[in-house]
Every structure is written in structure tokens, then in C-alpha cells.
Amino acid sequence: MTEGTRELDPTTTTGGPGGPAPGDADLDLDVAAAGAQLAASISRVVEGKPDVVRLALAVLLAEGHLLIEDVPGVGKTTLAKALARSIDGTVRRIQFTPDLLPSDVTGVAVYDQESRAFEFKPGAVFANVVVADEINRASPKTQSALLECMEERQVTVDGVTYELARPFMVVATQNPLEMEGTYPLPEAQRDRFTARVSMGYPDRDAELAMLDERSSTDPLGDLTPVIDAAGVRALVAAVGRLHVAEPLRRYVVALVEATRRSPDLRLGASPRAGLQLLRAARATAALAGRDHVLPDDVQAMAVPVLAHRLLLSQDAAMARRDTQRVVTDLLATVPARGR
């Protein structure tokens, strides 16, 4: 560990394991079976949304972060909490408000009169799963407190760097920008989210079941963990070993490059977007029980991984295009490779 970097005692700061345990990557795991258990657990609370649940699991196994965007009341926070409670790790929830400070997120150094030294008090970000509720209600200054955490899995305060626990995942919810009291997420912040998903309204049967089941009890309180933090680390390692053929890697690069050349966009996808797309495709393949990635996996993840990172050109915006449609059109024009 380099000078100026500290790893906090996980028993006092996170309540769970700190870094990867020895031998995690050597476990012979059935990722699809473990994913099915997690999906079943989450679906007990988030009813009628199997695609949304599967996407959340793919982001978890890709060691990424998830942005859930939709109108209030459709279950954004419920999905985040259900995912967190299905993992036997530490969970912290941050309610983002206009008066929230960056130090509330990352922590602060406090002067101790007895020791005559500054002592670091860790913030809410020191957990395995961090639920950032209504993230776009805080100021951009406070939102930026998550930048280092999400990209480098560490926090730097007063020149000292503290490592975060693994796994580390930020599950953020945000309301549409048309809602009052919201701030747009900076481009750098959006680019750190592996995928964005919209919950949407439940179908009639799911909504009727919700009315029946939740009239007196909250199923979220009955959720029990189905996997621990060490198990998640092992799953992430197993997903990272999935085979990706050279033509398929070229296909990912071609898709990313196509966003940069599109006349409908004034900002295309970054190299980070390509990395995240490939990781998410690996996770999708693993959840399907395969040991290799197909073009179908890339195509299934392209819209949720790429769309929120793109900015429309003025002409496209005036024509009421949206970035999801742009990505869908690019998938139809860029030849699929790797079959």
C-alpha cells in the first residue's frame, strides 16, 4: 500500500470484509444458480419487473453502479433496498437533500482533544452497498463527493486515502429533471454509473397483488440475505473469467465509436463506457449459464449502459429524439461480430 493510503478496519467502519479474501477467484461457482437465488429474493418485493431485476444483478456482477430513474412512487428505492438486503454485507442509505454536505458522504477528520490528533470519522459511503436516494436533489458539489468512491473504490480526506470495502456498489435513484428541486447529474457522474434503468409502472396483476400483500405487512422487512460479501466477490471474479472472442471485442469498440460519429449526438460514449459494456455483457452471459459472451449479450446491455452517457445534438433534441432511440438505431446499423 502506498504512502498516505490507509485501509480502515472493516470491523469498525464497514462491519464487513474489507478486500478480496484469499481463494475467492478459485471457487467453482454456478453464477446462474446464484443469480437465480438473488433474483427470486428481490422479486419477492419488486413484483412484475424481471427484466429490471436481471439488469440490477448484471450490474452487481459487473462490479458496477446502478442509476434508477423514474417518477416518484414506482419502487426505485424499494429495488435498491431489496438488492442491498439480499446480500449479507453492510448497507448504508443516504438521503440526498439540498443541504447535504460532501463530508456527510465521505467522512471528516475531527480533532480529538485527548490524543491531540485528528481522527477520521467515516461517512455513509463506507459500506458494501450504498443506496443514494434521490441523488439529484443534492447540489452538484455534494454529488461530486461520489466521483472518487465510484471509480477508484477509495476516499481521500485531508491528503489521506482510505480504501473502501469490496464489493462496493452505489445504487442511486433520481427523479426526472422535470420534477421540482432537482439538479442535473454532471457528465462525469453519469459516466460512472454502469447502467441506467427505468422502473415503469407495474402491470395490473402485479399492482393488484401489491394491494393485497402490502395492506398490513411490508415484504421488504422479511427479506433475508441469500449470499454474503465474500460470495459476491467470488461471483464477480468468476464473471471476469468469461471468454470474450476478439471479434466481439471489436464489435464493442465499433458500437462505442459509432456514438462518437453520430450526427444526432454532440457527446459520444467514453472508453469507460466500452469497458462497462463488455463487463455487463459478461455478467449477462454468466447469468444465462454460459461461459462465453455472444453479440446478443452486448446488444441486450447497449441501451442501459450507453444511453445515459450520451448528449443529443441541438437538431436531434429539437426533433424530440432521445438517446435510447439513437443507440437502438446504431445497433441496427453496426454489423454484429463474434458469432
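What you see is a predicted model, and the numbers here were worked out from it, not measured in a lab.
Checked by atom type, the side-chain pair Thr97/Asp99 shows a donor-acceptor distance below 3.5 Å.
When every heavy atom of Val239 is checked against every heavy atom of Arg282, the shortest pair comes out as O-CD, 3.3 Å. Between Leu310 and Ala269, the shortest heavy-atom distance links the atoms CD2-N, 3.5 Å. The two residues Ala39 and Val53 make their nearest non-hydrogen contact at CA-CG1, 3.9 Å. Considering every non-hydrogen atom in both Phe193 and Leu185, the closest pair reads CE1-CD1, 4.3 Å. Among all heavy-atom pairs drawn from Val52 and Ser198, the shortest one is CG2-O, 4.0 Å. A pairwise comparison of heavy atoms in Arg92 and Ala124 identifies CB-O, 3.1 Å as the closest pair.
Here Arg44 contributes atom CZ and Ser86 contributes atom OG; the two are 8.5 Å apart, rounded to the nearest 0.5 Å. Separating the CD atom in Gln95 from the CD atom in Glu134 is a distance of 5.0 Å, to the nearest 0.5 Å. Taking CG from Asp104 and CZ from Phe96, the interatomic distance works out to 9.5 Å, rounded to the nearest 0.5 Å. Taken to the nearest 0.5 Å, the CD1 atom of Ile42 stands 12.0 Å off from the CZ atom of Arg54. From Gln299, atom CD reaches atom CG of Leu330 across 12.0 Å, with rounding to the nearest 0.5 Å. To the nearest 0.5 Å, atom CG of residue Leu311 and atom OG1 of residue Thr259 are 11.0 Å apart.
Checking each of Thr284, Leu306, Thr194 against Met301 for a side-chain contact (heavy atoms from CB on, under 4.5 Å) leaves exactly one that passes, namely Thr284. Shown are Ile68, Val130, Leu60, Leu67; of these, the side-chain contact (heavy atoms from CB on, under 4.5 Å) with Val171 is made only by Ile68.
With respect to Arg321 and Asp329, a salt bridge is recorded, a charged nitrogen being found less than 4.0 Å from a carboxylate O. Salt bridge status for Glu257 with Arg260: absent, with no side-chain N to carboxylate O gap under 4.0 Å. Remark: Arg325 does not engage Asp264 in a salt bridge, criterion side-chain N to carboxylate O under 4.0 Å.
Transitive grouping of hydrophobic side chains (ILVMFWY, heavy atoms separated by less than 4.5 Å) brings Val46 and Val226 into a common cluster. Both Val252 and Val334 belong to a single network of hydrophobic side chains, linked directly or stepwise wherever heavy atoms of I, L, V, M, F, W or Y lie under 4.5 Å apart.
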